[in-house]
Each structure stands twice: as structure tokens, then as C-alpha cells.
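All figures in this text were calculated on a predicted structure; none of them were measured in a lab. Each chain gets a letter, A, B and so on, in the order the sequences are listed, and its residues count up from 1.
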Amino acid sequence: MRRMGYGHHALIETLHSIQESFGYLDEDALRYVATTLRLPLSRVYGVATFYQFFRLKPKGEHHTCVICVGTACHLKGATTILEQLEQRLGIKPGGATADGKVSLLTARCLASCGLAPAVVLDGKVMGKFTADAAIAWIQKWVAHDT
Amino acid sequence: MIPEELEKIALATRAEQEALSHQLRVCTGTGCLALHSDHLKDSLTSVIKQRGLEQSCAVKGVGCMGLCALGPLVAIQPQSTLYQRVTVDDAIAIIDHLDTQPIDHLLCPTDIPFFQRQHKIVLENTGQIDPDHIEDYIAADGYTALIQALTEMTPSEVIEQVVRSGLRGRGGAGYPTGLKWSTVSKVRSTRKFVICNGDEGDPGAFMDRSVLESDPHRIIEGMALAAYAVGASEGFIYVRGEYDLAIKRLKTAIRQAERLGILGKSICSTTFDFHLETRLGAGAFVCGEETALIATIEGQRGNPRPRPPYPAEYGLWGFPTLINNVETLANIPPIIRNGGDWFAAIGIDHSKGTKVFSLTGPVRNTGLIEVPMGMTLREIIFEVGGGMTEGHAFKAVQTGGPSGGCLPEQHLDLPVGYDSLAQVGTIMGSGGMIVIDDTASMVDVARYFMEFCKTESCGKCVPCRVGTVQLSNLLGRFTEGSATAEDLTLLEELCDLVKQTSLCGLGQSAPNPVLSTLRYFRNEYLAHMAKGVATQ
């Protein structure tokens with residue numbers, strides 16, 4: 001915030017930095033940003049909820065699984081992968097499993113359409129994916145942790 | 001930085017490269033990185049070190065080579081050998097075969113139309129240079145256009161060249177770039193801004209990402225030229241927050257350029273100052289719209305506002321602002337270097353130069369291609385793209401993402417250009433080209449795009465906020481098979497309404513996928529209806 005001279009335009013960049021450091025934006029962080037930048041909390045909250053990229057809930061403790069639902073991936077069966085994962089994990093996109101170990105997310109397009117359907121597992125892009133392969137990965141995660 | 005210093009760097013880097021007997025270029029674009037090309041690069045380097053070949057061989061990471069379907073790719077220069085689907089285990093074999101016959105089973109033929117039919121201007125350096133080294137860009141004639149403009153040309157002469165080139169905005173709408181520049185330059189103001197729009201939100205498009213990742217200095221040079229031409233001294237590059245690699249490389253590139261005095265104060269010992277910063281998007285499709293993008297940079301919600309006044313007069317913080325797309329700016333350095341007439345000689349009437357497409361779907365060569373304007377869709381898909389993969393038949397091609405439309409086989413011989421595509425009901429768009437095969441239902445495709453627009457609508461104006469929801473529900477009835485004849489009429493009326501009355505480009509173009517599929521694949525809608533009638 002200091003780098004940008006505490007200007008109002010620093011808001012989005014600040015939120016990016018917070019999410020990078022803490023993984024998500026909690027109420028304390030939002031309140032702190034609002035006070036420091038001298039902005040109404042409503043404005044900070046409005047911006048944080050407007051953009052898909054910002055998360056207000058903590059993500060899964062250990063692992064994230066992002067399914068690309070871009071056009072190319074959609075045509076190559078991303079929806080089936082997603083449905084099977086939802087069933088298997090019992091969660092909706094955006095949520096985390098009850099034990100907080102795995103969170104499931106969707107992305108608009110990873111711009112890796114040459115590899116469709118694409119999935120990001122813990123920040124690593126994997127191409128030409130299938131539902132079985134995704135489930136195998138998640139099982140590996142769970143087995144590894146216990 | 002003075003011209004002589006730049007030349008010195010260029011000569012030194014070129015001499016260094018010529019001293020090598022082999023240069024191994026490993027693709028480190030997102031596509032190949034996903035297939036572990038970084039490990040491959042490391043193991044190649046370590047094998048070279050083991051053999052003590054450091055003097056004659058060098059490994060460098062380069063940007064996307066285009067043929068993402070066959071990655072990871074390794075090119076060996078100057079022998080021009082190209083290897084496909086290389087794995088870490090192949091590293092030793094590759095080094096062993098450097099001086100002998102290339103390895104047959106890894107060899108990728110370079111005489112296929114995919115390489116032969118392309119015409120590279122924007123992508124001339126991608127896959128050739130190391131994006132993390134400014135010296136590499138300078139050795140490839142980088143920044144010569146900027147220095148030439150600063151030392152030999154007036155701002156109006158720069159604009160004159162851009163006007164003559166006939167370049168049109170590559171972001172989708174195709175507004176003449178020269179005209180935009182001269183509008184901004186004519187407005188009197190104490191501050192002006194240049195913004196590079198890298199908010200590539202279309203699902204299925206990744207041209208801008210590849211350019212930013214593979215050749216970030218080209219964008220910096222293009223922006224500096226634009227700033228000089230319109231009289232701006234501050235610039236922002238707005239990039240999608242999802243593009244980690246592009247952001248990292250851009251930041252490195254900006255730092256390197258600042259250190260060499262290509263950005264900053266008194267560039268090239270002239271009175272021209274230019275400061276450049278990156279801004280991250282946070283995942284909102286509507287932010288590709290000019291006024292929404294400005295709102296985001298100001299730190300607000302990305303809501304568009306009615307135009308006029310256009311950003312050229314009243315933009316960022318109320319100052320005149322020039323906004324150009326990544327690909328548009330990437331075209332600027334070669335235009336200044338070679339002259340506007342050179343550019344205008346490529347392409348067809350009213351659509352000059354080349355266009356980068358990201359070709360995806362069930363075609364053999366998926367990846368990034370750059371072809372001259374006026375090439376037909378058939379040539380792009382069946383020659384450059386290598387045709388459909390086995391077991392798939394061509395049904396339609398979708399251009400322009402959620403704002404574009406689908407074209408059937410009858411329009412395959414259409415030359416690609418802004419106006420020709422608009423005539424048949426789709427748009428050039430930013431360059432996503434998705435081939436759809438006979439297994440896909442067109443109603444489902446239309447519904448997919450409508451769902452997209454529904455979630456991405458910013459909610460400011462009613463036609464878009466409510467209209468997209470209603471349209472998506474109506475299309476849902478078709479996919480479920482419970483639609484009636486009235487639904488079809490309603491669908492058409494509502495499309496027209498949303499198109500005519502929405503505030504910004506998102507809403508105005510949201511019905512395009514529905515309208516174009518209704519136009520060419522009406523029987524599929526009717527088939528879905530008939531099914532519904534039958535089950536009742």
C-alpha cells in the first residue's frame with residue numbers, strides 16, 4: 001500500500017498481495033485495508049466479491065483441484081469430470097471437503113486449450129485429463145496425508 | 001541508453017550465439033511446462049555439463065513454438081531440427097545425436113503446412129528468443145524501432161505510419177488503430193495514459209498469453225512507441241491474474257528495460273519519459289471492456305459506464321487514455337521498423353496484416369497460429385490445422401468466443417477478415433477458433449456461452465443482467481427437450497432485445513452465439529422441440 005502512496009487505486013493490488021500471503025481474504029484483513037486506504041468497508045467488500053479471483057473462505061488445507069470449464073475443455077468432457085468429482089468428494093465447486101483437506105474449484109479458461117480437458121492440481125497444470133485420473137490423484141493425496 | 005550502446009549489445013549477443021555449434025531451444029510456454037519441459041531443460045543442461053560441452057552448446061528456454069499438441073518441443077539451431085513429445089529420458093540421446101543423424105522417432109517434420117503456411121509478424125520472436133533476457137530481444141532487432149522513432153521521427157510521423165499500415169484493433173471490435181492514436185494525441189491534457197489490455201477473458205483463446213510469455217519486450221516497445229506518439233508518459237499493462245507466468249516475465253522485462261534506460265526518465269537522451277507498471281486483473285470477463293478496465297485500474301468494481309465520452313477523451317482518472325490490445329501493440333514495432341506501407345501490403349482490403357488464432361478442438365495441430373488476413377477458414381482448419389482428428393467429422397467452427405458465432409461447412413471458403421466474418425453473423429474477436437465436431441449439440445454450445453455471459457454479467461444494466469438469465473433458462477428448456485414453438489419465438493425476440501439495449505459490448509454481443517446457431521443449425525433447435533412434443 002505504501003508503494004502506491006495509499007491511493008484508492010491500490011485496493012485491488014493490495015487484495016492480490018493479501019490473498020497471495022494468506023490464501024484468502026478474511027474480515028479482519030478487509031477491515032484493515034478499508035481503514036488504511038480510508039475507504040468504506042462496503043466498497044472493499046464490493047470489490048472483493050465482484051472479482052472471481054478473490055476468495056473469502058479459506059481453501060482446503062492441503063490440496064486444491066481446479067477444473068477448467070473453458071469452451072475447449074467443455075467440449076472435451078470437463079463437465080463429466082466435474083460431476084464425478086462432485087459426487088465423489090460430496091462438495092460443490094468453491095467448497096472444501098469436510099476435513100478441509102481438498103478443495104474443488106473451477107476456472108473459466110486456463111488458456112491451455114491444446115491440452116483439453118485441463119486440470120490444475122496443487123498449482124500444476126495437467127493436460128488431457130480424465131475423471132478416473134483425477135480421483136486417483138485425490139486418493140493419493142488422502143492416503144499420503146493419513 | 002544511446003543507439004550505439006544498443007547496437008553494441010546486439011552485436012555482442014549475436015557473436016555469442018554464432019560461436020555456438022548447437023543451440024537447444026526448449027519450449028517453456030504454459031502448454032509445454034504442463035508437460036514438464038522445465039525438467040527437460042534442466043536435464044539437457046546437466047548432460048551438457050557432464051560431457052563438458054559448455055563451450056559449444058547452450059540450452060535456452062524460449063516461448064511457445066505454436067504446436068502445443070505435440071509438446072514438449074525442442075528445436076536445435078542452426079541445424080533447424082525439431083523434436084516433438086520429448087521426455088526427460090531422451091536428454092542423453094539428444095545430446096549424443098547432435099553431430100550425427102537426428103533421432104527419427106522424435107523428429108517433427110517442419111515442411112508441413114502448419115509451418116509453411118504461417119506468416120509471422122506478431123509471433124516472429126516467439127520460440128526464437130529467451131523471454132527472460134533483454135539481450136536476446138535486442139539481438140533480434142528489438143528496441144530499434146523505439147530508438148528510430150525517438151531520434152528520427154516526430155510523434156505525428158509515428159502516427160502517420162500507423163495510419164498508413166491500416167492496422168485495426170485486434171481485441172475484437174476492429175477499430176482503426178491509427179485513428180484512435182490521433183484522437184488521443186489531439187486532446188490537450190497535462191497527463192495522458194497508455195493502457196495495454198491483456199485481460200484475455202474469452203474461454204478458448206490464449207494468443208495474448210503466449211505473446212506476453214514469449215516476447216514481453218515487444219509489448220513494452222509497442223507501448224513506449226504508443227506513448228511517444230500520443231504524448232503520454234505513464235502506462236499500465238493490465239494482465240489477467242490467472243496468467244502467473246506472463247506476469248512474472250513481464251515484471252522481469254520491465255525491470256531489465258528500466259536498468260538499460262529504455263524505460264524511465266529521458267529515454268535515449270531525449271525529453272521523452274515513460275513509466276510502466278503492471279496491474280493484475282482478478283477474473284472478470286467484463287473487464288476487457290475499456291471503461292470497465294479503467295474502473296479496475298482505479299481500484300473499483302469493474303462496471304462499464306456509458307460511452308461517450310470515450311476513454312480517448314475522458315479515461316483513467318479523467319485523463320485522456322489510449323487503450324490497445326496486446327496483439328495490436330505487438331504489431332507496432334515491426335510497422336515502425338519496416339514502414340506502414342510494408343504492413344499494408346499484407347492481407348486484404350480493410351483487414352491488413354496477419355491475425356493470430358488459437359486453434360483448438362478436434363483438429364490435428366492444435367496450438368497457436370498466425371496467418372495473413374484473407375486466408376480461408378478451410379485453409380486454416382484443414383491445411384494449417386492438419387484437418388480433423390480421426391473419427392471426428394467437421395460440423396462447425398466457433399470464432400470470437402462468447403461474443404462470436406458458429407459457422408457451418410458452407411462458409412468454410414470465406415476469407416477471414418473483419419468485414420467478411422461480420423457479414424455471416426460472427427466476429428473476428430480476439431482470435432479464439434474452436435472447431436466443433438459432429439458429436440456436439442449446437443444448442444448445448446449456445447447454452448454454454450449463455451451460461452458464461454450470465455455469470456460474467458456485471459449486473460449494472462437490466463437487459464444484460466436479466467436477459468442473459470432468461471435466455472439461459474429458455475435454452476435449458478431446449479436441451480431438456482421441453483421447449484415449445486412459443487419458446488422459439490420468445491428466444492428470438494429476447495436475443496434481439498438484449499442485443500439492442502445492453503450498455504456495453506458484453507450484453508450487446510451475448511446473444512450472438514444463439515443467433516448464429518439459430519441461423520445455421522435451426523433444425524437442431526427444432527429437433528429438440530419435436531422431442532419435447534413427443535414426450536408430452
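B:Gln398 does not touch chain A: none of its heavy atoms, backbone or side chain, sits under 4.5 Å away. If you measure heavy-atom distances from B:Phe452 to chain A, the contacts under 4.5 Å come from both the backbone and the side chain. Contacts of B:Val363 with chain A are absent, with no heavy-atom separation under 4.5 Å from either backbone or side chain. Proximity to chain A (any heavy atom under 4.5 Å) is shown, for B:Ser441, by neither the backbone nor the side chain.
A:Glu13 places a side-chain N or O within 3.5 Å of a backbone atom of B:Leu280 that can act as its donor or acceptor partner.
In terms of heavy-atom pairs under 4.5 Å with chain A, the best-connected choice from B:Ser210, B:Gly29, B:Ala440, B:Gly241 is B:Gly241. Interface remark: of the candidates B:Pro402, B:Gly459, B:Gly281, B:Gly281 forms the most heavy-atom pairs closer than 4.5 Å to chain A. Chain A forms the most heavy-atom pairs under 4.5 Å with one residue out of B:Trp317, B:Phe285, B:Tyr448, B:Phe449, and that residue is B:Tyr448.
Rounding to the nearest 0.5 angstrom, the gap separating the CD1 atom in A:Ile12 from the OH atom in B:Tyr238 is 6.5 Å. How far CD1 of B:Ile297 is from NE2 of A:His9: 10.5 Å, rounded to the nearest 0.5 Å. Here the CZ atom belonging to B:Arg240 is positioned 9.5 Å from the CZ atom belonging to A:Phe53, to the nearest 0.5 angstrom. Distance CG/A:Leu11 to OG1/B:Thr296: 11.0 Å, rounded to 0.5 Å.
Contact annotation: the side chain of B:Arg301 never approaches that of A:Arg43 to less than 4.5 Å [non-hydrogen atoms, C-beta and beyond].
The number of heavy-atom neighbours closer than 6.0 Å to OH of A:Tyr45, taken from other residues, nucleotides and ligands shown, is 12 or below. A 6.0 Å sphere centred on CD of A:Gln87 holds no more than 12 heavy atoms belonging to other residues, nucleotides or ligands.
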